[in-house]
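Working notes, beginning with the structure itself.
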Amino acid sequence: MTSGPNPNATPAQAKICVYCGSSPGKNPAYKKAAQDLGRLMAENNIALVYGGGTVGLMGEVAKTIVSIRGPDAVHGIIPEALVKWERDATYSSTTDANGYHVPEEQVYGRTTVVKDMHTRKQMMAREVIEGGPGSGFIALPGGYGTMEELLETATWNQLGIHNKGVCLLNINGFYNGLTEWIKTAVDEGFVKAGNADILVTATDAEGALRALREYKVSDARYGLDWGSE
């Protein structure tokens, strides 16, 4: 007979994947929001999984957490082709076991260089899915890449591939257009009303962490069996 869960076992550490821009944006509020999110994650012992860049909002979240909790609290995963774009000068001095240039671990945490975008996204998602209570995905402001990763993660939730929360950190109304689109998609019959809240919103870092802790899985999701996907 298989034994049940051990009530005395230590729960897995919460892990949050943060999607955000490799640019700081024009409004200083975006940089501050990234730093605030990193600080609160560190104070709550929440590990970061992110795209591995050292510039823009990505770099701010990562180095803020490392400065408080050390390099083991951050795992950056970046495709080889993006290394030259989403990096600063710290990439020039350090290489990993495979000869890839990686940023300084004591500043930005651990970095894994992978071959392609699919591997990057799969690895980031898997870490979050295996994380403890409060794990999930947060999107700070960003561009096409941020939006693509965000909506794919929301789609995976809708399809039943994972059940973790997906939160828009809506700084300065950055995501107002997206939330309005969701409302329109529901009104026009393209998104089930019950799935409108697959993407939840917050206006500050504290609210975003709380939204993931209190996240409720939609009853309208598709009950698909993905096996070991």
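This chain uses plain numbering: 1 for the first residue, then up along the sequence.
A continuous path of ILVMFWY side-chain contacts below 4.5 Å connects L178 to V18, so both sit in one hydrophobic cluster. Linking Ile, Leu, Val, Met, Phe, Trp and Tyr whenever their side-chain heavy atoms come within less than 4.5 Å leaves I182 and V217 in two separate clusters. By the criterion of side-chain heavy atoms lying less than 4.5 angstrom apart, applied directly or through intervening Ile, Leu, Val, Met, Phe, Trp or Tyr residues, I77 is grouped together with V74 in one hydrophobic cluster. Hydrophobic clustering of Ile, Leu, Val, Met, Phe, Trp and Tyr side chains at less than 4.5 Å, counting indirect connections, keeps V200 apart from M41. Transitive grouping of hydrophobic side chains (ILVMFWY, heavy atoms separated by less than 4.5 Å) brings V107 and L57 into a common cluster.
Shortest non-hydrogen contact noted between V66 and P71 is CG1-N, 3.9 Å. The minimum heavy-atom distance linking P11 with P133 is given by the pair CB-CD, 4.5 Å. Residues A205 and L169 share a closest heavy-atom pair of N-CD1, 4.0 Å. Across A62 and Y108, no two heavy atoms sit closer than the pair CB-O, 4.1 Å. The shortest non-hydrogen separation linking Y215 to V166 is CE1-N, 4.0 Å. Considering every non-hydrogen atom in both P79 and M117, the closest pair reads CG-SD, 3.6 Å.
In this structure, L151 CG and L199 CG are separated by 6.5 Å, a value rounded to the nearest 0.5 Å. To the nearest 0.5 Å, the span separating CG on N163 from CG on N157 amounts to 7.5 Å. Atom CD1 of residue I198 and atom OG1 of residue T153 lie 11.5 Å apart, to the nearest 0.5 angstrom. Rounded to the nearest 0.5 angstrom, N176 CG and N170 CG are separated by 5.0 Å. Atom-to-atom distance recorded for I65:CD1 and E43:CD is 11.0 Å, nearest 0.5 angstrom.
A donor-acceptor contact shorter than 3.5 Å links the side chain of N27 to the backbone of A29. Side-chain N or O atoms of S218 include one that pairs as donor or acceptor with a backbone N or O of G194 at under 3.5 Å. Here the side chain of Q13 pairs a donor or acceptor atom with the backbone of N45 at under 3.5 angstrom. When atom types are taken as modelled, the side chain of N44 and the backbone of L40 share a donor-acceptor pair closer than 3.5 angstrom.
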Would you sort out whether E105 and R110 count as a salt bridge (Lys or Arg N to Asp or Glu O under 4.0 Å), showing the intermediate values?
-> CA-CA 5 Å; E105 185 170 314; R110 297 173 295 118; over 6 Å; no

Would I129 and R126 satisfy side-chain contact (heavy atoms from CB on, under 4.5 Å), going step by step from the backbone distance to the final call?
-> CA-CA 5 Å; I129 292 168; R126 190 174 301 280; 5.6 Å; no

side-chain contact (heavy atoms from CB on, under 4.5 Å) between E149 and M124, worked out | CA-CA 11 Å; E149 290 176 317; M124 290 195 298; 3.6 Å; yes

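Heavy-atom neighbours of E152 CD from other residues, nucleotides or ligands within 6.0 Å: above the threshold of 12. Heavy atoms from other residues, nucleotides or ligands lying under 6.0 Å from NZ of K192 number more than 12.
For the pair L209/L37, a side-chain contact is recorded, criterion being any heavy-atom separation below 4.5 Å from C-beta on. Taking the side chain as every heavy atom from C-beta outward, R120 and I78 approach each other to under 4.5 Å. Side-chain contact check for K164 versus K15: every heavy-atom pair is 4.5 Å or farther apart.
Residue pairs that meet the ring-ring contact (aromatic ring centres under 6.0 Å, His included) test with at least one member in residues 143-165, sequence neighbours left out, are F137-H162.
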